[in-house]
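Here is the structure we will look at.
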Amino acid sequence: MSSQLFHRIYEIVLRIPKGKVATYGQIARLAGNNRAARTVGWVLHALPDESPAPWHRVINRSGRSSFPEAAKRSLQRALLEQEGVVFDENGVVDLAVFQWDGAES
DNA sequence: GCATTGACTCTAG
DNA sequence: CCTAGAGCCAATG
């Protein structure tokens, strides 16, 4: 399959433990392409509705979501806060604390 | 099949 | 902090 990268990224996203977040670049690295962050973004934006993938746990390297719509960002923030992730006054997640190690669950 | 775009990231200035 | 260029992958026109 040529879309194996899609599947790989998908599995990695599903592996993100609750209360943690991962960056596009991190997922891309785990998927085998350290710079395919754009593809990760594409996978998440193209996820079907029935996808259990926690897209809200995926953020950019700044610890902030890059949604074109503020509504989704608010939703993502709410979901993460429900899982115990804290946002600062700028709406940024402390990656030093909440970024997924990528090695456990 | 080529060109453009996109929920990205890195390096350099 | 901001801009610019390069790299990667798939969708879309």
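Just the heavy atoms: all of them, side chains too, but no hydrogens, waters or symmetry mates, feed the values below. Per chain, numbering begins at 1; letters A, B, ... match sequence-line order.
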With heavy-atom distances below 4.5 Å as the criterion, would you say the side chains of A:Ile27 and A:Thr23 are in contact? no
C1'-based separation of C:dG13 from B:dG1 [nearest Å]: 12 Å
Check the distance between C:dA11's P and A:Leu5's CG and give it to me in whole angstrom. 11 Å
Rounding to a whole Å, what distance do you find between A:Arg29:CZ and C:dG7:C1'? 14 Å
I'd like to know whether NE2 of A:His45 has more than 12 heavy-atom contacts from other residues, nucleotides or ligands below 6.0 angstrom. yes
Separation of B:dC8 atom P from A:Leu30 atom CG, nearest Å, is 18 Å
Which side-chain N or O atoms in residues 87-97 of chain A pair as donor and acceptor under 3.5 Å with protein atoms at least two apart or in another chain?
from    : atom 1 : to      : atom 2 : distance (Å)
A:Asp88 : OD1    : A:Asn90 : N      : 2.8
A:Asp88 : OD1    : A:Gly91 : N      : 2.9
A:Asp88 : OD1    : A:Val92 : N      : 2.8
A:Asp94 : OD1    : A:Ala96 : N      : 3.1

Separation of A:Ile27 atom CD1 from C:dC8 atom C1', in whole Å? 15 Å
Name each donor-acceptor pair under 3.5 Å that joins a side chain in residues 66-81 of chain A to protein atoms two or more places apart or in another chain, with its distance.
from    : atom 1 : to      : atom 2 : distance (Å)
A:Ser66 : OG     : A:Asn60 : ND2    : 2.7
A:Arg73 : NH1    : A:Phe67 : O      : 3.4
A:Ser74 : OG     : A:Ala70 : O      : 3.2
A:Gln76 : OE1    : A:Ser65 : OG     : 2.9
A:Gln76 : NE2    : A:His56 : O      : 2.8
A:Gln76 : NE2    : A:Val58 : O      : 3.1
A:Arg77 : NE     : A:Glu81 : OE2    : 3.2

Could you give the CZ-to-P distance, from A:Phe6 to C:dA11, as a whole number of Å? 9 Å
Salt bridge A:Glu83-A:Lys20, side-chain N to carboxylate O under 4.0 Å: no
Within-4.5 Å side-chain heavy-atom neighbours: A:Leu44 and A:Tyr24: yes
Using a cut-off of less than 4.0 Å, is there contact between a side-chain N or O of A:Asn33 and OP1 or OP2 of C:dC9? yes
Show the distances under 3.5 angstrom between N or O atoms of the protein and N or O atoms of nucleotides 4-7 of chain B.
from  : atom 1 : to      : atom 2 : distance (Å)
B:dG6 : N7     : A:Arg38 : NH1    : 3.4
B:dG6 : N7     : A:Arg38 : NH2    : 3.3
B:dG6 : O6     : A:Arg38 : NH1    : 3.3
B:dA7 : O4'    : A:Ser66 : O      : 3.4
B:dA7 : N7     : A:His45 : N      : 3.2
B:dA7 : N6     : A:Leu44 : O      : 2.9
B:dA7 : N3     : A:Tyr24 : OH     : 3.0

